Amino acid sequence: MTRHARNCTAGAVYTYHEKKKDNKAGGYGTIQNRIGKDSVKDFDCCCLTLQPCRNPVITPNGYIYDKEAIFEYIIHQKKEITRRMKEYEKQQKKETDRMAELARAEEEAKAQKFMELEKSIVSKPIASTSTDSASTSSISNISNGREKLLPSFWIPALTPDSEKVKMKKPEKSVLCPMSGKPLKAKDFIDVHFTEVKDPSDKKALIARKVRYMCSVTHDILGNSVPAAVLRTSGNVVTMECVEKLIKKDMIDPTNGQSLKEEDVIPIQRGGTGYASTNEKLDAKLKKPVMMA
């Protein structure tokens, strides 16, 4: 039994460090781990396929997609919206017919009640005693056609059904899978990456660790280098280039066109369906806490 620092277990007090060590060994509490490189996509990869883009396009919110993948996604979502809209309209029609049937039944019930009230006005001889059959029929659950309203689990025609959940009216616009905002094909901007030309590196472009560079300063691009796309040309430049060079004159140095603030689109780096980069690099798993 050790008696030094954090490993001291002879004390009468259950210390914080002992509790933390026991939680880690037993799997209690919140388990925290830093996300590795394999869980983060590269800055030039499609947000859908997670592979390097062949024909990259960028949305106004800064998310890069492969043109083929995002167009296929839009077509699929439009078909899904059309299908859901038909189901919604069918449900609305059924609901309208049901309400009309209820209104018609209510009118018939009112008419029947009025007729019975009119008949009761006519004087009738009052029977001194009622027969057993009449009293039995009045309290029977299956009289006057009420047997059709009773559920039955052994007769298929009378088996009770669960009510279907009412559908909400589906959105008509296609939403971006990353930002959740409306997505339109006309808002896409073609992205032109500047390749790093290294005669000594004969590997394919996808296999290279260093693939692209800034089109103005020729700085190497990567996940750790903030970059942006210029709307006027589609070229990719570093944010350092934007702050130090482009924002002075607000002119695109690659084609000489004037720029606005919204024409500089920062690229959203990294991030898959379960991990995001440069903002939240810690993955946490919460488990039951061991109380002292």
Side-chain angles (χ1 to χ4, degrees), residues 40-78 172-199 201 204-206 208-272 276-279:
V40 177
K41 80 174 188 65
D42 292 333
F43 71 99
D44 61 330
C45 292
C46 174
C47 292
L48 289 175
T49 63
L50 306 181
Q51 298 295 324
C53 298
R54 291 180 294 180
N55 298 314
V57 293
I58 191 170
T59 65
N61 296 318
Y63 294 100
I64 290 181
Y65 297 98
D66 198 334
K67 184 180 288 188
E68 182 180 355
I70 192 61
F71 278 13
E72 185 177 352
Y73 171 82
I74 291 175
I75 293 172
H76 178 269
Q77 289 299 314
K78 285 186 176 181
K172 293 185 178 180
S173 58
V174 179
L175 303 180
C176 176
M178 297 299 294
S179 64
K181 296 181 179 180
L183 189 67
K184 297 181 181 178
K186 65 179 182 180
D187 295 334
F188 292 145
I189 302 165
D190 293 331
V191 179
H192 304 291
F193 286 106
T194 304
E195 296 182 14
V196 176
K197 295 180 180 180
D198 188 359
D201 194 353
L205 183 63
I206 296 178
R208 298 179 191 173
K209 292 184 179 180
V210 178
R211 291 192 288 264
Y212 302 114
M213 62 182 180
C214 175
S215 60
V216 178
T217 62
H218 292 184
D219 291 335
I220 302 300
L221 299 178
N223 276 0
S224 59
V225 180
V229 175
L230 303 180
R231 187 190 295 268
T232 53
S233 61
N235 291 322
V236 181
V237 296
T238 60
M239 289 302 296
E240 185 179 4
C241 175
V242 172
E243 296 293 335
K244 294 183 178 180
L245 298 177
I246 296 177
K247 280 193 175 181
K248 291 182 178 180
D249 301 323
M250 292 304 291
I251 295 177
D252 189 340
T254 59
N255 57 13
Q257 296 184 15
S258 59
L259 293 171
K260 298 179 182 178
E261 287 289 338
E262 57 270 17
D263 292 336
V264 180
I265 305 173
I267 297 176
Q268 302 291 338
R269 296 168 289 160
T272 61
S276 57
T277 317
N278 305 316
E279 296 178 358

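Being a predicted model, the structure only gives us computed values, none of them experimental.
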Practice prompt. Provide the closest heavy-atom pair for Leu48 versus Pro177 in the form atom of the first, atom of the second, distance.
Written response: CD2-CG, 3.8 Å
Item to complete: For Asp219, check side-chain hydrogen bond (donor to acceptor under 3.5 Å, both in side chains) against everything at least two apart and list the hits.
Response: Thr217
Item to complete: Decide yes or no for Val225 and Phe43: does some side-chain heavy atom of the first lie under 4.5 Å from some side-chain heavy atom of the second?
Response: no
Worksheet entry | Heavy-atom side-chain proximity of Val237 to Ser215 below 4.5 angstrom | yes
Worksheet item: Can you tell if the side chain of Asp44 reaches within under 4.5 Å of the side chain of Ile64, non-hydrogen atoms only?
Response: no
Fill in: Rounded distance [0.5 Å steps], NE2 in His192 versus OG1 in Thr194
10.0 Å
Response to the item:
Closest non-hydrogen contact found for Cys45 with Cys53 is C-SG, 3.8 Å
Fill in: 4.5 Å side-chain heavy-atom contact, Lys67 and Asp190
yes
Worksheet item: With a cut-off of 6.0 Å (strictly less than), are more than 12 heavy atoms of other residues, nucleotides or ligands near NE2 of His76?
Response: no
Worksheet item: In chain order, what residues pass the salt bridge (Lys or Arg N to Asp or Glu O under 4.0 Å) check against Glu72, with sequence neighbours excluded?
Response: none
Discussion item. Within the 4.5 Å heavy-atom criterion, are Val236 and Tyr212 side-chain neighbours or not?
Written reply: no
Worksheet item: For Lys247, what residues pass the salt bridge (Lys or Arg N to Asp or Glu O under 4.0 Å) criterion, not counting sequence neighbours?
Response: Glu243
Discussion item. Is any side-chain heavy atom of Arg54 closer than 4.5 Å to one of Glu68?
Written reply: yes
Item to complete: Please report the shortest heavy-atom distance between Cys214 and Leu221, naming the atom on each side.
Response: N-CG, 3.9 Å
Item to complete: Step by step, work out the side chain to side chain contact (heavy atoms under 4.5 Å, CB included) result for Phe188 and Ile58.
Response: CA-CA 6 Å; Phe188 292 145; Ile58 191 170; over 6 Å; no
Fill in: Pairing residues for Asn55 by the side-chain hydrogen bond (donor to acceptor under 3.5 Å, both in side chains) criterion, not counting sequence neighbours
none
What side-chain donor-acceptor pairs closer than 3.5 Å can you find for residues 254-266, not counting sequence neighbours?
from, atom 1, to, atom 2, distance (Å)
Thr254, OG1, Ser233, OG, 3.2
Thr254, OG1, Asn235, ND2, 3.0
Thr254, OG1, Asp252, OD1, 2.6
Thr254, OG1, Asp252, OD2, 3.3
Asn255, OD1, Gln257, N, 3.2
Asp263, OD1, Arg231, NE, 3.3
Asp263, OD2, Lys260, N, 3.0

Worksheet item: Of all heavy-atom pairs between Ala227 and Met239, which one has the smallest distance, and what is that distance?
Response: N-CG, 3.9 Å
Worksheet item: So how far is it from Asp42 CG to Arg211 CZ, rounded to the nearest 0.5 Å?
Response: 5.0 Å
Worksheet item: Heavy-atom distance under 4.5 Å between the side chains of Tyr63 and Ile70, does that happen here?
Response: no
Worksheet item: Of all residues at least two apart in sequence or in a different chain, which pass the side-chain hydrogen bond (donor to acceptor under 3.5 Å, both in side chains) check with Lys184?
Response: none
Worksheet item: CD of Gln77: more than 12 outside heavy atoms within 6.0 angstrom?
Response: yes
Response to the item:
The reported gap from CD1 in Ile267 to CG in Asn223 (rounded to nearest 0.5 angstrom) is 10.5 Å
